[in-house]
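Notes for the one structure printed next.
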Amino acid sequence: MLKVTKASTISGSITVPGDKSISHRAVMFSSLAEGKTVISGFLPGADCLSTISCFKKMGVNIEQNGDQVVVESGGLDQLEEPHEVLDVGNSGTTIRLISGILSGLPFHSTLVGDESIAKRPMKRVVTPLRQMGAKIDGRQGGEYTPLSIRGGQLQGIEYHSSVASAQVKSAILLAGLRAEGTTTVYEPHLSRDHTERMLSSFGVEVQSFLGGVSIRGGQLLVQPKQIQVPGDISSAAFFLAAAAMIPGGSLTIKNVGINPTRTGMIDVLREMGADLELKQERVWNGEPVADLVVRYSALKGIEIGGAIIPRLIDEIPIIAVLATQAEGRTIIKDAEELKVKETNRIDAMVSELRKMGAKIEATEDGMIIEGGAKMYGAECISYGDHRIAMAMAIAGIVSEGETIIQGDDAIYVSFPGFDDTLKQILK
Ligand code: S3P
């Protein structure tokens, strides 16, 4: 368990581990390209290690040492039928993206995961992949794991996704790489576009347009030899929030990815009144990166909904904490996707923040928080969800007394070393 107490202030200069979404894709796409790729800044968290383990079981040679990974592959056509089940652990990105890849390969495979994965919806990828020609089975008609996939020749499709999900979009695009003709995915709002950017850096033509993206089948990936993964803005978000809401707070976070499909947190912080600067903007393998400098200033409640939601979907737990320290009401809406993350993040945040005295209520598609309530340390649980555990740790440093987070081992999914980084900046 993790114990935190109220901080007098926070300051310093830190880095955060590599971006989870980009680390997954770096390993996956390097495994689909012939030759050797060196990845640095990789996130050595449980989720991305699950991706490595799945590709090793398909015959790819992968050496991982901390944040350095070397992938040597014979290319997509050389992937082998796995002898064992592919275990994705807690990782939704692994299972959904791999399903797209496996759908176009002429063999059978079975995907399993942990208790949380077993409850998460898979039809959102299974339905379009079946339409393309893949044979996929799973519990309740293919909604839940274990999934069993028999891939083969696929047909390109035009697919209108009802959710703005990069996992869905990416699964279809990856299947589209092996399909006859062109595959097009439309989504209601733009979701993170790391797949599109990284496929381009592997020499694949991907056409993005307003409302969707297309890919022509039969293209080969040509590895760029080196990939440098930026720091994860979703991990930086916990410390950005901490510095913005603790009087006297001042923090620099270096080398953070600022892909515009991921920077909803920056927009929210600014709209709430935070003092935030972007410095040293540059581009790594098609991904924009900057150093973020944030200082405390008085915050006010705001309304968050619509197209910004996919741009900050993983940051909503920490935004809820931020809202408890702002003046006035914060309304978060259009965020029903939170119910199908690692846990139901609406229920989890409402229940845990209430234990601490926050005024927060759940709505059908989000939550409403009345800022300014005095908060007290409490015994919280993570629900096995890394982002709930970290959000509650940050809530603990703005609350009187001691906060205990049970199930903090979940943090290892995306942020190994979170508690050390926290200790480093606490004053
Ligand atoms: C991810 C996409 C998002 C996000 C998840 C990572 C990705 O999920 O919540 O943490 O890497 O594509 P959805 O696509 O389900 O919204």
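Numbering starts at 1 and runs along the sequence shown.
- Aromatic ring orientation, His160 versus Tyr186: parallel (interplanar angle below 30°, classes split at 30° and 60°).
- By the side-chain hydrogen bond (donor to acceptor under 3.5 Å, both in side chains) test, Asp409 is found to be paired with no residue, residues two or more places apart in sequence or in another chain being considered.
- Using modelled atom types and a 3.5 Å distance limit, the side chains of Arg124 and Ser161 yield no donor-acceptor pair.
- A side-chain N or O of Glu342 and one of His386 form a donor-acceptor pair less than 3.5 Å apart.
- Checked against Arg192 for a side-chain hydrogen bond (donor to acceptor under 3.5 Å, both in side chains), the options Ser165, Ser170, Ser21 give a single hit: Ser21.
- Side-chain N/O atoms of Asn90 and Arg120 include no donor and acceptor closer than 3.5 Å.
- Among Asp19, Thr195, Thr51, the single residue meeting the side-chain hydrogen bond (donor to acceptor under 3.5 Å, both in side chains) criterion with His24 is Thr51.
- Salt bridge status for Lys341 with Asp385: absent, with no side-chain N to carboxylate O gap under 4.0 Å.
- Checked by atom type, the side-chain pair Thr184/Glu158 shows no donor-acceptor distance below 3.5 Å.
- Taking a cutoff of 4.0 Å between a charged side-chain nitrogen and a carboxylate oxygen, Arg329 and Glu370 qualify as a salt bridge.
- Judged purely by distance below 3.5 Å, without hydrogens or angles, the side chains of Tyr383 and Ser351 pair a donor atom with an acceptor atom.
- Remark: Lys169 does not engage Asp193 in a salt bridge, criterion side-chain N to carboxylate O under 4.0 Å.
- When only modelled atom types and interatomic distance are considered, Glu303 and Thr330 share no side-chain donor-acceptor pair under 3.5 Å.
- Counting only N and O atoms by type, the side chains of Thr93 and Gln167 include a donor and acceptor under 3.5 Å apart.
- Here the closest non-hydrogen pair linking Ile227 and Ser30 is CD1-OG, 4.0 Å.
- Donor-acceptor pairing under 3.5 Å is lacking for the side chains of Lys254 and Thr15.
- The residue from Thr263, Asn259, Thr261 that alone fulfils the side-chain hydrogen bond (donor to acceptor under 3.5 Å, both in side chains) condition with Arg311 is Thr263.
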